[in-house]
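Here is the structure we will look at.
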Amino acid sequence: MRDLMKPRERKRAALRGLLPLLSLCGGLGCAQLHHVQLADIETGGSYKKPIDVKVSEVGISLEEAGTTAKLFTSGKHHKQMDTIQNIIALFQYGPKTGNPVFSDDYADELAAELYKQCPSGKMTGLTIIREARKYPIVSGEIVKILGYCLQ
Amino acid sequence: MKGALMKSFLYCIASGMLVSCVGLKTVSITNIPQTREQPVNAKVSKFIFLGLNFDNDFVDDLKDKLAAQCTNGTISGILTKHDSTSYLIAHTVTVYATGYCTRR
């Protein structure tokens with residue numbers, strides 16, 4: 001029995017060794033671009049002050065969390081974890097951009113932030129970017145607006 | 001005979017992968033102007049190997065590239081298209097923007 005367990009233990013040890021390497025790579029934060037949109041652009045004319053607004057929220061990948069948890073638990077718990085993962089997946093079924101977040105209210109602040117940076121409200125060349133920074137298990141779900149404020 | 005068939009089938013799949021597949025991610029458009037005499041267009045792209053991409057700053061140049069083609073005017077009717085071309089172990093993200101320059 002002990003001999004039969006050896007390859008499995010070896011595999012688990014190898015995976016544990018691989019995990020810090022993957023974490024290091026993931027820790028750097030891979031950027032994923034979801035959406036880009038340009039608004040009308042005014043060229044020439046009055047002075048333009050650059051504006052840069054960014055809002056973000058923490059997203060969680062339960063699939064990755066489950067896979068990582070499996071590496072640190074014994075085989076008898078894997079089936080239970082699969083069941084939990086499947087139940088959660090049913091609640092999160094449907095189209096989505098990036099990892100799920102607890103609330104999407106973070107994007108509501110964008111307009112107020114834009115007016116804070118450009119009180120005149122005369123903006124041009126707005127680039128709206130929806131992107132994500134992916135780390136192991138978690139991600140930063142980001143909405144960014146770049147542009148110019150006409151003075 | 002069977003081996004040769006299998007080999008040709010694999011070559012077909014491999015060449016299909018190298019030719020690459022394009023996925024359209026998003027499209028958006030702004031109000032189209034009445035006069036559309038001077039079209040302007042710009043493109044930015046980034047080649048990403050093994051999915052290792054640490055920033056999306058390449059997109060920031062897009063509006064400046066468009067603005068450079070229309071001095072002292074307004075660019076409107078901007079169609080922004082974002083797509084991704086997948087290769088075997090890499091992919092290219094491209095953002096196209098086309099619009100119309102209206103001089104003052």
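Letters A, B, ... mirror the listed sequences (proteins, then strands); counts begin at 1. What you see is a predicted model, and the numbers here were worked out from it, not measured in a lab. Quick note: numbers below take in every heavy atom, side chains included, and nothing from hydrogens, waters or symmetry partners.
At a threshold of 4.5 Å between side-chain heavy atoms, the hydrophobic network of Ile, Leu, Val, Met, Phe, Trp and Tyr places B:Val40 and A:Ile41 in one connected group. The hydrophobic clustering, which links ILVMFWY residues whose side-chain heavy atoms are closer than 4.5 Å, places A:Ile51 and A:Ile145 together. Grouping the Ile, Leu, Val, Met, Phe, Trp and Tyr side chains by contacts below 4.5 angstrom, directly or via other members, places A:Val55 with A:Ile128. In terms of hydrophobic clustering, with Ile, Leu, Val, Met, Phe, Trp and Tyr side chains grouped at heavy-atom distances under 4.5 Å, B:Val44 and B:Leu66 are assigned to a common cluster. Cluster annotation: B:Val27 is not connected to B:Val95 through the hydrophobic network of ILVMFWY side chains, with a link wherever side-chain heavy atoms come within less than 4.5 Å.
A distance of 9.5 Å separates NE2 of A:His34 from NE2 of B:His82, quoted to the nearest 0.5 Å. Interatomic distance, CD of A:Gln37 versus CD1 of B:Ile29, reported as 10.5 Å (0.5 Å rounding). Between atom CG of residue A:Leu146 and atom NZ of residue B:Lys63 there is a gap of 5.0 Å, rounded to the nearest 0.5 Å.
Annotation: side chain of B:Asp55 is in contact with side chain of A:Arg133 (closest heavy-atom distance under 4.5 Å). Residues B:Leu62 and A:Thr127 fail the side-chain proximity criterion, which asks for heavy atoms closer than 4.5 Å. In this structure the side chain of B:Thr30 never reaches within 4.5 angstrom of the side chain of A:Leu38, judged on heavy atoms. Using a 4.5 Å cut-off on side-chain heavy atoms (C-beta onward), A:Leu33 and B:Phe58 make contact.
In this structure a side-chain-to-backbone donor-acceptor pair under 3.5 Å is present from A:Thr43 to B:Cys70.
In this structure, chain A has no heavy atom under 4.5 Å from any part of B:Ile48. Looking at B:Ser76, the atoms closer than 4.5 Å to chain A (heavy atoms on both sides) sit in the backbone and in the side chain alike. Only the side chain of B:Ala97 comes within contact range of chain A, judged by heavy atoms closer than 4.5 Å. With a 4.5 Å cut-off on non-hydrogen atoms, B:Asp57 touches chain A through its side chain but not through its backbone.
Taking each heavy atom of A:Ala31 and B:Phe54 in turn, the nearest pair found is CB-C, 3.8 Å. Of all non-hydrogen atoms in A:Cys30 and B:Gly51, the two that sit nearest each other are SG-O, 3.7 Å.
The residue among B:Asn56, B:Asn31, B:Val59, B:Leu79 with the most heavy atom pairs within less than 4.5 Å of chain A is B:Asn56. Listed options B:Ser28, B:Gly73, B:Ala68 were ranked by heavy-atom pairs under 4.5 angstrom with chain A; first place goes to B:Gly73.
For residues 98-112 of chain A, an interface with chain B (any heavy-atom pair closer than 4.5 Å) does not exist.
In the displayed structure, B:Gln38 atom CD is contacted under 6.0 Å by more than 12 heavy atoms of other residues, nucleotides or ligands. More than 12 heavy atoms of other residues, nucleotides or ligands shown are found within 6.0 angstrom of CZ on B:Phe47. Atom CD of B:Gln34 has 12 or fewer neighbouring heavy atoms from other residues, nucleotides or ligands inside a 6.0 Å radius. Atom NZ of A:Lys96 has more than 12 neighbouring heavy atoms from other residues, nucleotides or ligands inside a 6.0 Å radius. The number of heavy-atom neighbours closer than 6.0 Å to NZ of A:Lys116, taken from other residues, nucleotides and ligands shown, is 12 or below. Atom NZ of B:Lys25 is surrounded by 12 or fewer heavy atoms from other residues, nucleotides or ligands within 6.0 Å.
Looking at B:Ile75, B:Asn72, B:Thr74 one by one, the single match for side-chain contact (heavy atoms from CB on, under 4.5 Å) with A:Glu42 turns out to be B:Thr74.
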